[in-house]
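Read the structure below first, then the notes.
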Protein chains: 2
Amino acid sequence: MLNDMKRRNTPTKQAVLSVLSSSTKAMSPDAIKKKIDVSIDRATIYRVLNRFCDDGVLHRVVADDGKQYFAMCQKCDENEKPLQHFHFRCTHCETIECLPLPVNYTIAKGYEVKNVNCVLIGVCKDCA
Amino acid sequence: MLNDMKRRNTPTKQAVLSVLSSSTKAMSPDAIKKKIDVSIDRATIYRVLNRFCDDGVLHRVVADDGKQYFAMCQKCDENEKPLQHFHFRCTHCETIECLPLPVNYTIAKGYEVKNVNCVLIGVCKDCA
DNA sequence: TATATTAATGCGATTATATCGCATTAATCG
DNA sequence: CGATTAATGCGATATAATCGCATTAATATA
Ligand SMILES: [Mn+2]
Ligand SMILES: [Mn+2]
Ligand SMILES: [Zn+2]
Ligand SMILES: [Zn+2]
């Protein structure tokens, strides 16, 4: 937990985590909502996802379609930094996946990189 | 020109190009609009920018704020592919710049990368 | 130069994503 | 059980971007 606010365990949070942990892909709030049987308010979904990101449970990718996608963090527990990796958006099956491909860069002196948001766009191996 | 549709030369297009060619940064449609003296409709700005992207005159970056930014293409004339490079969004001065830093990746076999959208987020050298 | 063609524009409406305020509900703890 | 307050539902709101359509004007042609 990066945030010290007390969190409560709720069915909504459990359901969201359940959906994302059983997915190999990053998912949009709407796609997550659709995967949950019971009706959950849109605003609640967003708030749950944002809190999980704050807490380092999930990470967020903004794709080139301007939308947010969420996925489980792998190395986020432990005090390790979350692994910065590329994402892949397949224009055919319209999915976004976390690639096991770290983002490497050698940036000019003076810049301070705090975060990255990197998406490769094309056709995934399942659709090729 | 990647597109064979006949384009007409208009004051709006000239103004947009003038603004972007005198900027080292990628700019949002709204920022571009503000830099132009005469009033131009929002929809027109978007259409002009989209056409320029289609024609390979400009390229588009979607930042992690979900917004679109536009910048001149360097290697887009000629029949060369446009250079795929990282961008940098400074959270302090709120600008987005094209970095002279190519995006390199070795992706698993089967994937076909058609485009990239890569943004590094942090504090730029002018703000550090 | 005058006229025809149609790309480009202005304007309003529309779509879509995401957030916010506030009253209510319910998780947690003593 | 009762108190505290995090979490939720609902409606309103903010913002980005696009679309339909009538009008304007850039360009080509006579
Ligand atoms: Mn990821
Ligand atoms: Mn660029
Ligand atoms: Zn695919
Ligand atoms: Zn800066």
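Numbers restart at 1 for each chain; the letters A, B, ... are given by sequence-line order, proteins then strands.
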**Prompt:** Of the nucleotides D:dT8, C:dA8, C:dG10, which one has an atom closest to the side chain of B:Ile40?
**Reply:** C:dG10
**Message:** Parallel, tilted or perpendicular, judged at 30° and 60°: which one describes the rings of B:Phe86 and A:Phe86?
**Reply:** tilted
**Item:** Spacing of B:Arg51 atom CZ relative to D:dA17 atom C1', expressed in whole Å
**Value:** 15 Å
**Message:** Using a 4.0 Å heavy-atom cut-off, does B:Ser28 contact any base of the nucleic acid, only the sugar-phosphate backbone, or nothing at all?
**Reply:** nothing
**Request:** Looking only at side-chain atoms of A:Arg8, point me to the closest of C:dA8, D:dA7, C:dT17.
**Result:** D:dA7
**Request:** Give a yes or no on whether the backbone of A:Ser18 and the side-chain of A:Ser22 come within a donor-acceptor separation of less than 3.5 Å.
**Result:** yes
**Prompt:** Between D:dG9 atom P and A:Arg42 atom CZ, what is the distance in whole Å?
**Reply:** 12 Å
**Item:** For atom OH of A:Tyr46 and atom P of D:dA14, their distance in whole Å
**Value:** 18 Å
**Message:** Are there over 12 heavy-atom neighbours, none belonging to A:Lys25, within less than 6.0 Å of that residue's NZ?
**Reply:** yes
**Asked** Can you check the A:Gln68 CD to D:dA16 P distance for me, whole Å?
**Response** 14 Å
**Message:** Using whole Å, what does the distance between atom P of nucleotide C:dT9 and atom CG of B:Leu49 come to?
**Reply:** 11 Å
**Request:** Ignoring backbone atoms, test whether B:Thr44 places a side-chain nitrogen or oxygen under 4.0 Å from the OP1 or OP2 oxygen of C:dG10.
**Result:** yes
**Request:** Evaluate the ring planes of B:His59 and B:His87, with Trp represented by its six-membered ring, and classify them as parallel (under 30°), tilted (30 to 60°) or perpendicular (over 60°).
**Result:** tilted
**Complete:** A:Gln14 atom CD is separated from C:dA27 atom P, nearest whole Å, by 10 Å
**Item:** Closest listed nucleotide, where the reference is the side chain of B:Asn9 and the choices are C:dA27, C:dG12, D:dT27
**Value:** D:dT27
**Request:** Specify the separation, in whole Å, of atom CG of B:Asp30 and atom C1' of D:dA14.
**Result:** 14 Å
**Any A:Arg7 side-chain nitrogen or oxygen under 4.0 Å from OP1 or OP2 of D:dA7** = yes
**Item:** Position toward the 5' end of DNA chain D (nearest nucleotide), A:Asp41 or B:Arg47
**Value:** A:Asp41
**Message:** From C-beta outward on B:Ala43, which listed nucleotide comes closest to its side chain: C:dC11, D:dA16, D:dA7?
**Reply:** C:dC11
**Message:** Nearest to the A:Val48 side chain among D:dT8, C:dA18, C:dT9, which nucleotide is it?
**Reply:** D:dT8
**Item:** Approximate separation, where rounding is to 0.5 Å, of A:Glu112 CD and B:Cys127 SG
**Value:** 11.0 Å
**Asked** Any side-chain N or O of A:Lys13 under 4.0 Å from OP1/OP2 of D:dA7?
**Response** yes
**Verdict with supporting geometry, A:Arg89 and A:Thr91, side chain to side chain contact (heavy atoms under 4.5 Å, CB included)** = CA-CA 6 Å; A:Arg89 183 169 77 83; A:Thr91 54; 4.2 Å; yes
**Request:** Would you mind telling me which of C:dA18, C:dA27, D:dA26 lies closest to the side-chain atoms of A:Lys67?
**Result:** C:dA18
**Prompt:** Of the nucleotides C:dT19, C:dA8, D:dT4, which one has an atom closest to the side chain of A:Asn50?
**Reply:** C:dT19
**Item:** Distance below 4.0 Å between A:Thr10 side-chain N/O and D:dT8 OP1 or OP2
**Value:** yes
**Item:** A:Lys33 NZ - D:dT8 P separation (whole Å)
**Value:** 13 Å
